[in-house]
Amino acid sequence: MSKTFQNISGTFDILPDAFNADGTVIESSASWHFVEERIREVMAHYRYLEIRTPVFEPTELIARGVGELTDIVSKELFSFERGDTHYVLRPELTAPAIRAYLQHHLAQKGGVQKLFYMGPCFRAEKPQKGRYRQFHQFGVEVIGASDARADAETVAVMMQIYASFGLKDLVLKINSLGDEQTRPAFKNALQEYFEPLASELSDTSRRRLKTNPLRILDTKVEREQELVKGAPRLIDYIDDASREHYEAVKGHLSDLEISYTEDPFLVRGLDYYTRTAYELDSPHLGAQSTLAGGGRYDLLAQELGSSEAIPAVGFAAGLERLFLALAGEGVKLPDAVKTDVYIVAQGEAAEKWAFKTANEWRSSGLHVAFDLQGRSMKAQMRDANRHGASKVVIVGEDELTSGKAIVREMETGDQETVPLHDLLDRLRDVVR
RNA sequence: GUGGCCGUAGCUCAGUCGGUUAGAGCGCCAGGUUGUGGCCCUGGAGGUCGGGGGUUCAAUUCCCCUCGGUCACCCCA
């Protein structure tokens, strides 16, 4: 009758050590802290300020913001309701960020808002490598700037984050999707081109011809790739202003010495992108390849109720995929915070002393640990070693009566006797 | 949602062509050192062989179902 519980499929626990009870290798909480902090540092240098929004939002916001017809909205939302209100767990963070921008009238603060976010998102997909039902994204939104430098800067901060981890196997792809006329027109052109060739297409491609003809373009079937060569090109359907903007973005990227590949078939999955679209790929993500994706979405604010157009550009990136890339390139992440001092106590009086002293030293800035099971000295020493303690303070009956304790350097095994009232000063050098 | 593969100790796995008390390494606990870690030696704890049903004298081993994991498709971070 007694049965323990398990985390929901597609979710995972982040433990102090880098493994889960089910054998799944998930990075340790220390690794997460390290990665998150590094991201925050870079964001701070670029002067992006954090925005935190709730993990659930009204269904309507997400449906409008992400697009009713996208897979995300049509089949991947976790939804629930109370009374007449329908809610969803957020599947991404751009729509919530724009919602907050409009709700709090951030435009009235003047200038351009440069925001970043980091937190969990939820999609009801079947989990696989690099894809989870609760996953974590970070990203930026530059709101209120149509300048091509804004596009380029979001790419720059993104690249800087990955570069700061020492990642090398990165491929940056960019494209322009044109204005709101462009995609439908291009889609029609593709359908007209492939329709007569339908009999030569694979089943999946024939299905895509109806639903999402753009995806035929990145088919892996060789015979179809031949057909794709003759297909219409998106670039020919783009309006002049978008084309100019695209050229400007590319120029700025070159100025920043960011290398990229132009991919005329790159289309982002979400409905709201216009003009610039980009994607950062890594070969270490299993069947997935996208580390981060972004672009411009000048129409989104209006879609979410703004009376005027508000230009915006940004990217979203997956933390789990970042970890996969780091593992794939052999980047070492730090272990848990080490212990400065471990107090080994023998006897009731010494245990009492250790308990009280540990607390004092901790408030003085030391990382202090001690045994909570009243175990043997040997067991405590072993525990100290496991903690990676750099020093051990040994206290027993003798030490308390003589007013001196033993300080042991764990690395060398050197020991010395130190008066109890000098201990803290003696130990401080551990933390510089 | 569909499909492939997998499911034996905390972890990584071996094993049983169906047959007495299911193994190893690592980890954990303890002893070797009655007050001292890491190395070494010795011992110990820990498994309803994912769960349910079936076939059989007998199932962890064969069959069915189910649950879980994983990878892939679709799509995406």
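Chain letters run A, B, ... following the sequence lines, proteins first and then strands; every chain starts at 1. Note that the coordinates shown come from a computational prediction; the quantities given were computed from them, not determined experimentally.
For the residue pair D383(A) and Y342(A), a side-chain donor N or O sits within less than 3.5 Å of a side-chain acceptor on the partner. Under the 3.5 Å distance criterion, with hydrogens and angles disregarded, a donor-acceptor pair is assigned to the side chains of T412(A) and D414(A). Side chains of H252(A) and D151(A): a donor-acceptor N/O pair is absent below 3.5 angstrom, by distance only.
Within the 3.5 Å criterion, the main-chain N or O of V341(A) finds no donor-acceptor partner in the side chain of T339(A).
For the pair R296(A)/Y273(A), no side-chain contact is recorded, criterion being any heavy-atom separation below 4.5 Å from C-beta on. You'll find the side chain of Y278(A) stays beyond 4.5 Å of the side chain of V249(A), heavy atoms only. Looking only at side-chain heavy atoms (C-beta outward), R123(A) and Q134(A) stay at 4.5 Å or farther from each other.
Residues that satisfy the side chain to side chain donor-acceptor pair (under 3.5 Å) test with H33(A), not counting sequence neighbours, are absent from this structure. Residues that satisfy the side chain to side chain donor-acceptor pair (under 3.5 Å) test with E125(A), not counting sequence neighbours, are absent from this structure. The side chain to side chain donor-acceptor pair (under 3.5 Å) test applied to R38(A) returns no partner, not counting sequence neighbours.
Taking atom NZ of K129(A) as the reference point, atom C1' of C5(B) lies 15 Å away to the nearest angstrom. Rounded to whole Å, atom P of G4(B) lies 11 Å from atom NZ of K126(A). When rounded to the nearest whole Å, the span between CD of Q6(A) and C1' of G68(B) equals 6 Å. The distance from atom CZ of F12(A) to atom P of U70(B) is 11 Å, rounded to the nearest whole Å. Following rounding to the nearest Å, E76(A) (CD) and C75(B) (P) show an atom-to-atom distance of 11 Å. The interatomic distance linking R133(A) (CZ) with C75(B) (P) rounds to 18 Å, in whole Å. In this structure, Q346(A) places its CD atom 12 Å from P of U34(B), rounding to the nearest Å. Rounded to an integer number of Å, the gap from CD of E351(A) to C1' of G35(B) is 14 Å.
Residue-to-nucleotide proximity on RNA chain B shows that, of I8(A) and E320(A), the 5′-proximal contact is made by I8(A).
Within the nucleic acid shown, G130(A) comes within 4.0 Å of at least one base atom, counting heavy atoms only. As judged by a 4.0 angstrom heavy-atom cut-off over every strand, A316(A) is placed among residues touching the sugar-phosphate backbone only.
The phosphate of U36(B) has neither OP1 nor OP2 within less than 4.0 Å of any side-chain N or O from Q380(A). Within the structure, a side-chain polar atom (N or O) of Q128(A) is placed less than 4.0 Å from OP1 or OP2 of A72(B).
One P atom belongs to A24(B), the other to U36(B), and the distance between them is 31 Å to the nearest Å. A gap of 47 Å separates the C1' atoms of G38(B) and C76(B), to the nearest Å. Separation of the P atoms belonging to U66(B) and G4(B) is 13 Å when rounded to the nearest angstrom. Here, A30(B) and U70(B) have their P atoms 35 Å apart, quoted to the whole Å. A gap of 30 Å separates the P atoms of A22(B) and C40(B), to the nearest Å. Taking atom C1' on both nucleotides, A9(B) is separated from A45(B) by 11 Å, rounded to a whole Å. The separation of G19(B) from G52(B), taken at their C1' atoms, amounts to 24 Å, rounded to a whole angstrom. Using atom P as the reference point in both U8(B) and A14(B), the two lie 10 Å apart (nearest Å).
Sorted by first and then second residue, the side chain to side chain donor-acceptor pair (under 3.5 Å) pairs involving residues 313-334 of chain A (not counting sequence neighbours) are H136(A)-E320(A). Identified under the ring-ring contact (aromatic ring centres under 6.0 Å, His included) test for residues 44-72 of chain A, with sequence neighbours left out: F56(A)-F80(A), F56(A)-Y87(A). A salt bridge (charged side-chain N to carboxylate O under 4.0 Å, His left out) check over residues 43-70 of chain A, counting only residues at least two apart or in different chains, returns the pairs R40(A)-E50(A), E50(A)-R52(A), E57(A)-R99(A), E60(A)-R64(A), R64(A)-E303(A).
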What protein N or O atoms touch nucleotides 28-31 of chain B N or O atoms at under 3.5 angstrom, if any, and at what distances?
residue, atom, partner, partner atom, Å
C28(B), OP1, R386(A), NH1, 2.6
C29(B), OP1, R375(A), NH1, 3.1
C29(B), OP1, R386(A), NH2, 3.3
C29(B), OP2, R386(A), NH1, 3.4
A30(B), OP2, R382(A), NH2, 2.2

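The base of G37(B) sits within donor-acceptor range of the side chain of N385(A), with an N or O pair under 3.5 Å.
Residues of residues 397-420 of chain A having a heavy atom closer than 4.0 Å to RNA chain B, listed by number: D398(A), E399(A), I406(A), R408(A), M410(A), E411(A), G413(A), Q415(A).
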Legend entry - B/S/- contact track for nucleotides 43-52 of chain B, protein heavy atom under 4.0 Å: ----------

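Listed candidates were C76(B), G37(B), G35(B). Nearest to the side chain of I394(A) is G35(B). You'll find that the side chain of D71(A) is closest to C75(B), out of C75(B), G35(B), A72(B).
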Per-pair distances, 0.1 Å, donor-acceptor, side chain in residues 155-170 of chain A, under 3.5 Å, sequence neighbours excluded:
residue, atom, partner, partner atom, Å
S164(A), OG, I161(A), O, 2.7
D169(A), OD2, H284(A), NE2, 2.8

Which donor-acceptor pairs under 3.5 Å do the side chains of residues 369-376 of chain A make with protein atoms, sequence neighbours left out?
residue, atom, partner, partner atom, Å
D371(A), OD1, Q373(A), N, 3.3
D371(A), OD1, R375(A), NE, 3.4
D371(A), OD2, Q373(A), N, 3.1
D371(A), OD2, G374(A), N, 2.7
D371(A), OD2, R375(A), N, 2.9
S376(A), OG, A379(A), N, 3.1

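F138(A) and F116(A) have their aromatic ring centers separated by at least 6.0 angstrom.
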Inset, instruction - Let me have RNA chain B in dot-bracket notation, would you? Count Watson-Crick plus G-U wobble pairs, both distances under 3.5 Å, and use [ ] for pairs crossing earlier ones and | for inter-strand partners. - result: (((((((..((((.....[...)))).(((((.......))))).....(((((..]....))))))))))))....

